[in-house]
Amino acid sequence: MAHGCYWGKCTFCDISLDYIRNYEPITASLLVDRMEEMIAQTGQNGFHFVDEAAPPALMRALAIEIIRRKLIVSWWANIRFEKSFTRDLCLLLKASGCIAISGGLEVASDRLLTLIQKGITVAQVARVNKHFTEAGIMVHAYLMYGFPTQNEQETIDSLEMVRQLFEAGILQSAFWHLFTMTAHSPVGLDPEKYQVKKVSEAIGTFANNDIAHTDPTGADHESFSFGLKKSLLNYMHGACFDYPLQKWFDHKVPKTSIAPDYIVKAIEEDELITANPNTKVIYLSNQPKTEIITKSKKGSQWELLSLSFETKKETINIKVDVGQGNWLVQILQSASISNPKTVTLQEVKTDYENAGLQDFELFWDNKPVNTLFKAGLLQL
Ligand code: SF4
């Protein structure tokens, strides 16, 4: 999707080299032109985007373009676990054929993630993973141990975070990598700042990128290799979540300091979604069937509009005031993804008010309308 990485800050990464530093995205329409050409040339319709970290806004534009052109493809990409991967964005990506993503959770410790300048927290990764998993997109995480100054407690706590992510069912696959100090990363360029010492200078002329180093304040990182990998293999098979972490190691390790419900609590937390007038409103599905129904209670009668949405999985039915319901049907047509112009939340609100209807937020942000994401009404 793009050359280079739009983030370009992680301190273990070769961010001083062109392949990371020079960020140059292309447009979604050009990308999909190329996908169409490749399908015509090869007959293949599976795509792996090899970006170091695909930009969420471009992924959104790509997904919209794929759906508009009615391409039947499956694709996957590497990402950063950004907050911007909301529930609705993940649903859009899935609808366009995204089947999996991989991303760096790295050390799964907030102190070390800050030192890495990864720009994420473990709780944020958990929430983003939940969005991907619930949309039906598989998540693979790159894990790291042995980052400078990482101590035994942090390694065990990191393992506990990973255990909880698997147990909560929001991570499907992962791999532990031992930190490598590379010559062109901020750590490799300035080891003292990260309290590690170079043992050897990189010598030679080609691909001599890794630098041996010592980590005087950190743990004996390699002694954790086997236990981390063995436990992970079991977690990936849904097994041994109840094993005490000590069981994976043949040397004494500290008890975890992470609360046993840390990840569950993080994903149950209500997310504050700030309404932005420029938010795009997109409707992916067919128009609903409508019917006026009469309700009665305690001797009085009134009419409601019943709207039924057929999805692949279920029929979703909502009942709303007739005036608001008729307006909703018309706005679903304007917001349909098959229209070349995308409408914004501000335009939707203005349209509602111009129709003489009252209290937009009360109607739009509450049940039943806010359950319509299940029927493909997305805010992006
Ligand atoms: S590790 Fe990934 S996200 Fe971080 S700077 Fe490198 S390519 Fe970008």
Side-chain angles (χ1 to χ4, degrees), residues 1-26 31 47-60 62 75-86 89-90 93 98 100-129 131-132 137-150 154 158 161-162 165 171 173-191 193-194 196 202 207 209-211 213 215 221:
M1 290 185 209
H3 176 277
C5 171
Y6 69 96
W7 179 250
K9 292 184 195 173
C10 301
T11 52
F12 66 83
C13 178
D14 285 336
I15 56 178
S16 62
L17 295 183
D18 175 84
Y19 85 101
I20 303 285
R21 195 187 57 209
N22 281 340
Y23 175 60
E24 285 171 21
I26 60 169
L31 259 174
F47 291 83
H48 174 197
F49 291 99
V50 296
D51 298 65
E52 300 293 327
L58 184 51
M59 288 170 77
R60 179 184 68 192
L62 172 80
W75 60 275
W76 68 281
N78 306 317
I79 58 143
R80 288 180 65 243
F81 292 111
E82 293 268 8
K83 272 207 281 284
S84 43
F85 288 107
T86 58
L89 178 55
C90 292
L93 297 176
C98 177
I101 57 92
S102 53
L105 169 55
E106 323 301 0
V107 281
S109 143
D110 286 346
R111 179 186 81 89
L112 293 161
L113 283 167
T114 307
L115 215 53
I116 289 179
Q117 289 209 49
K118 193 76 198 174
I120 56 173
T121 62
V122 180
Q124 178 183 321
V125 174
R127 284 190 283 271
V128 167
N129 284 8
H131 295 155
F132 278 116
I137 297 173
M138 302 230 301
V139 183
H140 172 88
Y142 302 110
L143 304 170
M144 180 191 287
Y145 63 108
F147 190 78
T149 72
Q150 180 169 7
E154 286 168 326
S158 176
M161 292 290 201
V162 170
L165 287 164
L171 185 56
S173 156
F175 192 84
W176 286 106
H177 303 258
L178 179 60
F179 165 77
T180 309
M181 189 160 105
T182 62
H184 307 282
S185 65
V187 182
L189 291 168
D190 189 3
K193 186 173 168 198
Y194 297 89
V196 284
N209 192 38
D210 302 348
I211 306 168
H213 70 281
D215 183 2
H221 303 306

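Computed from a prediction, not measured in an experiment: that's the story for all the values here. Numbers here are sequence positions counted from 1. Ligands are counted one by one from 1 in listed order, and the atoms in each one are counted from 1 as well.
Each of the following atoms of ligand 1 lies closer than 4.0 Å to a heavy atom of Gly8: 5 (S), 8 (Fe). Distances below 4.0 Å separate heavy atoms of Cys5 from the following atoms of ligand 1: 3 (S), 5 (S), 7 (S), 8 (Fe). In summary, the atoms of ligand 1 found under 4.0 Å from a heavy atom of Ile15, numbered by their order in the structure, are 5 (S).
Using a 4.0 Å cut-off between heavy atoms, Lys9 contacts ligand 1 through its backbone alone, with no side-chain atom that close.
Looking only at side-chain heavy atoms (C-beta outward), Val107 and Phe179 stay at 4.5 Å or farther from each other. Two residues are said to be in side-chain contact when any heavy atoms from C-beta on lie closer than 4.5 Å; Ile79 and Met59 meet this criterion.
Classification of the His177-Phe175 ring pair by plane angle, with boundaries at 30° and 60°, yields perpendicular.
Of the candidates Phe12, Tyr6, Tyr19, the one placing a heavy atom closest to atom 1 (S) of ligand 1 is Phe12. Taking each of Glu52, Arg80, Arg21 in turn, the one with a heavy atom nearest to atom 3 (S) of ligand 1 proves to be Arg80.
Looking from atom 2 (Fe) of ligand 1 to the surrounding protein, the closest heavy atom is Lys118 NZ, 4.1 Å. Among all non-hydrogen protein atoms, the one lying nearest atom 4 (Fe) of ligand 1 is Cys10 SG, 2.3 Å.
For Cys13, every N, O or S atom stays at 2.8 Å or more from atom 4 (Fe) of ligand 1.
Phe132 has its ring centre less than 6.0 Å from the ring centre of Phe85.
The side-chain contact (heavy atoms from CB on, under 4.5 Å) with His3 is formed by just one residue from the set Asn22, Ile20, Ile26, Asp51; it is Asn22.
Around atom CE of Met138, no more than 12 heavy atoms belonging to other residues, nucleotides or ligands sit under 6.0 Å away.
No hydrogens or angles considered: nothing links the side chains of Thr180 and Asp210 as a donor-acceptor pair under 3.5 Å.
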